[in-house]
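Before any comments, here is the structure.
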Amino acid sequence: MTDTPISGAKALINCLKSEGVDTIFGYPGGVLLPLYDELYDSDINHILVRHEQAGAHAADGYARATGKVGVCLATSGPGATNLVTGIANAYMDSVPVVAITGQVPTPMIGNDAFQEADITGITLPITKHNYLVRDVEDLPWIVKEAFYIASTGRPGPVLIDLPKDITTDEFEFIYPGRTYLRGYHPDVGIDEDAVKRAASMILDSECPVIYAGGGVIISDSSSELLKLAETIQAPVTTTLLGIGAFPQSNPLSLRMLGMHGTKYANYAVQESDLLIAIGARFDDRVTGKVDAFAPHAKVIHIDIDPAEIGKNVRVDLPVIGDAKKILQSLNSNLQKMQSRSGAWLGKIDAWKKKHPLSYVQSDEVIKPQYVVQEIHRACPDAIIVTEVGQNQMWAAQYFQFENPRTFITSGGLGTMGYGFPAAIGAKVGCPDRTVIDIAGDGSFQMTSQELATVSKSDIKVIVAILNNSYLGMVRQWQELFFDERYSYTDISQSVDFVKLAEAYNLVGIRAEKPSEVPSAISEALSADRTVVIDFVVDPMENVFPMVPAGAAINEILEQGAVA
Amino acid sequence: MRHTLAVLVENKPGVLARVSGLFSRRGYNIESLAVGMTENPEISRMTIVVEGDDRVLAQVTSQLSKLIDVISISDLPPSESVDRGLALLKVAADTDTRAEIMQIASIFRAKIIDIGAETLVIEVTGDKGKIGAIENMLGRFGIKEVVRTGRVALHRGTKTVGGEYR
Ligand SMILES: Cc1ncc(C[n+]2csc(CCOP(=O)(O)OP(=O)(O)O)c2C)c(N)n1
Ligand SMILES: [Mg+2]
């Protein structure tokens, strides 16, 4: 608070500090000059990325790793449009990000001025909310609201578009202590009657399955989930984004379900008589053919977003609200429940024994699954970030995740190029953790320019490329469904990743034989800077099990099933 | 089924785009839309008529509620509400037909608001059925142009929408 007028730029810095922002991922430009001039003296840590898309992904990775709001900054026009993929990515996965864009001066808006883009219009469908600041006096409450909206309820990205003249206009700055929005009430409380009905449905069920999504992690309810599962002796499967919500070492864990889920998770869902969905949204990658999904199950859907209820599947009992509070209440309703009969868990154990995740190991050629297992063996506490494609699925299948916020991946949008910048954000947010991007050779090339960022800003992450010389996931579909016609998916011999790392004054390591895998990993772990490991893996390896798109999730393809 | 929604929104720039964008993006059809300020100048009221079953209505309502600028949403069932739209019709009319057209207009309690040598402009207010009926009746004279507003609706009796916010 101050009585002497200050500029909008200075006020913005004050607002960000009041919101507890310690880091911004940004890239400057003409209309941001006044703001960057303020950043020059500020103790906010600004990480200069090399492409604004990476700034948005880094803010996203920071947010997922820490649970705090991630902040990115880009100039008007192309800077702002470069953020779009990152904002859409955060929107699809409900990640709290505040994106700040410069804009041309207010009097020029609408005139196609140099580097003008209607970024609030462009981001309307991919933000939880957005603002164009029209008066510097509005800036403090807009920033307050933006952080509040981004981080509460079902989180999501909020964009603030800041015209240049607003950053130089002066006013008497007061930061609002709280905010009230007539049209936004994220804390809906919980419906105790619905919780009681859920409890009685659970007591009546014989074959329940808990299906946990990213909402469990967002709402910090992993321990409540564990308690529920153990109280009612129900197996737990998670979505891709739910990985880490439930310890995979727990005997009740079914690991991931869906297209590349375990057979036993999919079988359990299909034979369940009660499906308890928590913070999950019945995505098509989970349900496969919707009409054939969990055909015998009653469905309880716990979610904070009423719009998710009944969107894709019919729900017998919606329970709207914060998953943590709902699970706490549910657990207290269930305390006295006796352990359920062993038949259901016995059946599941038999499936687990019969259909474990498996691949055929080799002494000659590195199997990508083996690399993931070795990474887990060497560093079980790492934060694992992934790119998109086969690498992502192998990371999800073969690492063993025990804790929330240790698996960071682009789920809803499936954005190649997400992993490396998100890993940078995760590392900046959690500097004491080892952060490893399990990457594909194709995806990494979409944002590899960020090697400059980690080099210059001294950020250490490990990029473990499962280099199969292909846009592997697309190649896999071509092999299975398009007669092995590998149309434009061969990306072999296009870059030497070791030299690429070295060109940025970083460490590059290549492993070509299975025997070289463990030493490559330990060398990378002990290096003092970012390392790129080029694991030259079997180019024809496929991700299995696999449910073809549109099939029921118990119609599963396996290794060797397709010629 | 057709549903009439009364949606209170913040009277701010861009709100209409947020609402209409949501409808097109999610594939819901707007049959009619009207916007205007309420008795509180900070709040606008949209009357949106949508076609869809209960599931669609539930989705529309919950997706709309997620817009920060949307304050409240009420479904106005036909039996508990009154609704009106307005249309202006330019009808070909000469000395031979003018009298008959004016007679039809008066039966519908429509007003003649302009007379030219070859045309009449008729203002008609009513529900969808009434406006359609007069259009039908006038069709044979030759309708040159029609413009209509979105429908607006209120609850019958003392009931209002979004009370605490207005
Ligand atoms: C930005 C973007 N473009 C295209 C795709 C479609 N796509 C999905 S996976 C994939 C191949 C990824 O190749 P790579 O990174 O080498 O991973 P791999 O599957 O080989 O492990 C492609 C092209 C995508 N997900 N994202
Ligand atoms: Mg590849």
Side-chain angles (χ1 to χ4, degrees), chain A residues 88 91 94 106 109-110 118-135 138 141-142 144-150 152-161 179-186 188 281 301 303-315 318 320, chain B residues 3 5-28 30 35 37-46 48 50 52-75 160-166:
Chain A
Y91 185 71
S94 307
T106 320
I109 291 178
D118 172 15
I119 197 64
T120 48
I122 290 168
T123 58
L124 212 61
I126 53 166
T127 49
K128 189 168 169 189
H129 195 51
N130 64 24
Y131 296 89
L132 170 61
V133 186
R134 291 160 197 274
D135 182 338
D138 296 341
W141 65 257
I142 285 179
K144 183 89 203 165
E145 282 183 16
F147 278 81
Y148 174 62
I149 291 168
T152 50
R154 177 178 182 171
V158 177
L159 180 135
I160 302 173
D161 199 20
T179 177
Y180 171 74
L181 287 149
R182 272 192 287 235
Y184 181 63
H185 308 283
V188 289
R281 60 185 178 87
H301 192 179
D303 207 287
I304 196 150
D305 181 359
E308 288 302 339
I309 306 299
K311 188 179 78 178
N312 296 337
V313 302
R314 109 210 113 62
V315 167
I320 307 292
Chain B
H3 296 272
L5 302 178
V7 183
L8 296 187
V9 300
E10 297 289 345
N11 183 12
K12 283 185 190 160
V15 175
L16 181 59
R18 288 180 201 279
V19 171
S20 60
L22 186 142
F23 274 79
S24 64
R25 176 161 82 246
R26 300 245 173 215
Y28 314 135
I30 300 186
V35 202
M37 212 191 275
T38 61
E39 64 281 13
N40 175 350
E42 284 182 10
I43 295 177
S44 295
R45 177 167 174 149
M46 296 186 177
I48 305 176
V50 292
D53 57 19
D54 287 350
R55 220 186 68 93
V56 170
L57 182 73
Q59 268 294 304
V60 168
T61 309
S62 51
Q63 293 291 356
L64 269 179
S65 315
K66 283 168 69 169
L67 297 179
I68 309 291
D69 288 335
V70 168
I71 300 165
S72 78
I73 304 165
S74 319
D75 187 7
T160 58
V161 303
E164 54 180 310
Y165 298 111
R166 295 173 22 252

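Within every chain, numbering begins at 1; the chains are lettered A, B, ... in the order of the sequence lines, protein sequences first and strands thereafter.
For B/Ser65, the part lying near chain A is the backbone, with the side chain staying farther off; criterion is any non-hydrogen pair under 4.5 Å. Heavy atoms closer than 4.5 Å to chain A are found in the side chain of B/Gln59, but not in its backbone. Within the 4.5 angstrom heavy-atom criterion, no atom of A/Leu132 approaches chain B. Using a 4.5 Å cut-off between heavy atoms, B/Leu22 does not touch chain A at all.
Pairs passing the salt bridge (Lys or Arg N to Asp or Glu O under 4.0 Å) check and including a residue from residues 304-313 of chain A, sequence neighbours excluded, read A/Arg154-A/Asp305, A/Arg154-A/Glu308, A/Asp305-B/Lys66, A/Glu308-A/Lys311.
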Worksheet entry | Derivation of the side-chain contact (heavy atoms from CB on, under 4.5 Å) call for A/Thr120 and B/Arg18 | CA-CA 10 Å; A/Thr120 48; B/Arg18 288 180 201 279; 5.9 Å; no
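To the nearest 0.5 Å, atom CG of residue A/Leu181 and atom CD1 of residue B/Ile68 are 6.5 Å apart.
Across A/Asn130, A/Ile309, A/Ile149, the residue that shares the most heavy-atom pairs under 4.5 angstrom with chain B is A/Asn130. Among A/Pro125, A/Gly121, A/Gly310, the residue with the largest count of heavy-atom pairs under 4.5 Å with chain B is A/Pro125.
The shortest non-hydrogen separation linking B/Ser62 to A/Ala307 is OG-CA, 3.3 Å. Residues A/Arg134 and B/Pro13 share a closest heavy-atom pair of NH2-CB, 3.6 Å.
Every ring pair (Phe, Tyr, Trp, His ring centres under 6.0 Å) that A/Tyr131 has, sequence neighbours left out, goes to A/His129.
For the pair A/Arg182 and B/Ile43, the minimum side-chain heavy-atom distance is below 4.5 Å.
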